[in-house]
A.B. asks: 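This is the structure, below, for whatever I ask next.
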Amino acid sequence: GLNSFYGIYIKAIGAFILLLLLMSPVVGIIAFLFEGAATTPEGEPNLLIAFVPLAVTSFAYLAVFYGIDAAIMRRLLNASSVGEHRFRCHWDLRRLIFIQVTNLLAILLSVGLLIPWATVRTQRYKLENLSMDVRGDLADIAAVQSDEVSALGDEIGEVFDYDFGL
């Protein structure tokens, strides 16, 4: 029910807070090791020292965001059915988050050239780990759907002058 969706968000908030708490000592260690590096010899602030915690925090946020997105979609797919046929989503959230974060790194490092590769990589993982429990004949679904087709779809296609090829 609805409580399961709240659980996803509560776990995500907890994971983000935990990541920030774990990152705080790392930032302190970096600040200690590079004590004199906070400014350049000219007295200007060294933006690289400020960039490291910002980058780590951004990737932590993205990992949590990707986790929320995947967990909700997995929950929705597992609750979905077509007639008596039920979908089964077997996504491993850690693996999917790893794929998304490494895709983002590859896209950034390639200045966007790897967007198609990253999209295919993500979709391949999602589709390889999605299945349907079939009960009966799948042709029954097509037969029922073809009986329920109205002229509305054809007319909408005419209005937008688009051939759906069905």
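Here the structure is a predicted model, which means the values were calculated and not measured.
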A.B. asks: Let me check something: do Val64 and Phe5 share a hydrophobic cluster, defined by ILVMFWY side-chain heavy atoms less than 4.5 Å apart, either directly or through other members?
C.D. replies: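 Hydrophobic grouping puts Val64 with Phe5.
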A.B. asks: Nearest 0.5 Å please: distance from the CD1 atom of Ile97 over to the CZ atom of Phe65.
C.D. replies: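 Going from the CD1 atom of Ile97 to the CZ atom of Phe65 covers 11.5 Å.
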A.B. asks: Start with the C-alpha distance between Thr122 and Gln100, add both sets of side-chain angles, then the distance that settles side chain to side chain contact (heavy atoms under 4.5 Å, CB included), and finish with yes or no.
C.D. replies: CA-CA 7 Å; Thr122 302; Gln100 294 283 25; 3.6 Å; yes
A.B. asks: Roughly how far apart are Ser4 OG and Arg75 CZ, rounded to 0.5 Å?
C.D. replies: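 These two atoms lie 4.0 Å from each other.
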A.B. asks: Out of curiosity, does Leu19 fall in the hydrophobic cluster containing Ile13 (side-chain heavy atoms, cut-off under 4.5 Å, transitive links)?
C.D. replies: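 No, Ile13 does not connect to Leu19 through the hydrophobic network.
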A.B. asks: Got a donor-acceptor contact below 3.5 angstrom from the Trp91 side chain to the Ala70 backbone?
C.D. replies: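 No; zero donor-acceptor contacts below 3.5 Å.
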A.B. asks: For Glu84, is there any backbone N or O sitting under 3.5 Å from a side-chain donor or acceptor partner on Ser81?
C.D. replies: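 Not confirmed, Ser81 side chain does not pair with Glu84 backbone.
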A.B. asks: If you take all heavy atoms of Val134 and His85, which pair is closest and at what distance?
C.D. replies: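 Result for this residue pair: CA-ND1, 3.5 Å.
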A.B. asks: Is there a chain of hydrophobic side chains (I, L, V, M, F, W, Y, each step under 4.5 Å between heavy atoms) that links Ile99 to Leu77?
C.D. replies: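 Looking at the clustering, Leu77 is in the same group as Ile99.
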A.B. asks: Rounded to the nearest 0.5 Å, how far does CZ of Phe98 lie from OH of Tyr66?
C.D. replies: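 Separation between the atoms: 13.5 Å.
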A.B. asks: Is it the case that over 12 heavy atoms from other parts of the model lie below 6.0 angstrom from the CZ atom of Arg94?
C.D. replies: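 Incorrect, the count does not exceed 12.
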A.B. asks: Any chance you could measure Leu104, atom CG, to Leu109, atom CG, to the nearest 0.5 Å?
C.D. replies: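 Spacing of CG (Leu104) from CG (Leu109) equals 9.0 Å.
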A.B. asks: If you group Ile, Leu, Val, Met, Phe, Trp and Tyr by side-chain heavy-atom gaps below 4.5 Å, do Ile10 and Leu18 land in one group?
C.D. replies: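 No, separate clusters.
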A.B. asks: Applying side chain to side chain donor-acceptor pair (under 3.5 Å) to Arg121 and Asn103, what does each step give before you reach the verdict?
C.D. replies: CA-CA 8 Å; Arg121 182 178 179 223; Asn103 283 351; 2.6 Å; yes
A.B. asks: Taking atom CD1 of Ile8 and atom OH of Tyr6, what is their separation to the nearest 0.5 Å?
C.D. replies: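 If we round to the nearest 0.5 Å, Ile8:CD1 and Tyr6:OH are 12.0 Å apart.
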A.B. asks: Can you see which heavy atom on Leu93 is nearest to which on Ala71, and at what distance?
C.D. replies: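 Of all heavy-atom pairs spanning Leu93 and Ala71, the closest is CD2-N, 3.7 Å.
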A.B. asks: To the nearest 0.5 Å, tell me how far His90 NE2 sits from Asp92 CG.
C.D. replies: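 The NE2 atom of His90 sits 12.5 Å away from the CG atom of Asp92.
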A.B. asks: With clusters defined by side-chain heavy atoms of hydrophobic residues (ILVMFWY) lying less than 4.5 Å apart, directly or transitively, does Leu130 cluster with Leu96?
C.D. replies: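 Yes; Leu130 is reachable from Leu96 via cluster members.
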A.B. asks: Treating Asn129 as the side-chain partner and Tyr125 as the backbone partner, does any N or O pair qualify as donor plus acceptor under 3.5 Å?
C.D. replies: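 A pair under 3.5 Å: yes.
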A.B. asks: Could you pull out the closest heavy-atom pair between Tyr9 and Ile72, with the gap in Å?
C.D. replies: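 Scanning both residues, the minimum pair turns out to be OH-CD1, 3.2 Å.
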A.B. asks: For Ala79 and Arg86, work out which heavy atoms get closest and say how close.
C.D. replies: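 Nearest pair, atom of Ala79 first, then Arg86: CA-NH2, 4.0 Å.
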A.B. asks: Would a distance-only check, ignoring hydrogens and angles, find a side-chain to backbone donor-acceptor pair under 3.5 Å from Asn78 to Cys89?
C.D. replies: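 Side chain of Asn78 to backbone of Cys89, a donor-acceptor pair under 3.5 Å: yes, one is there.
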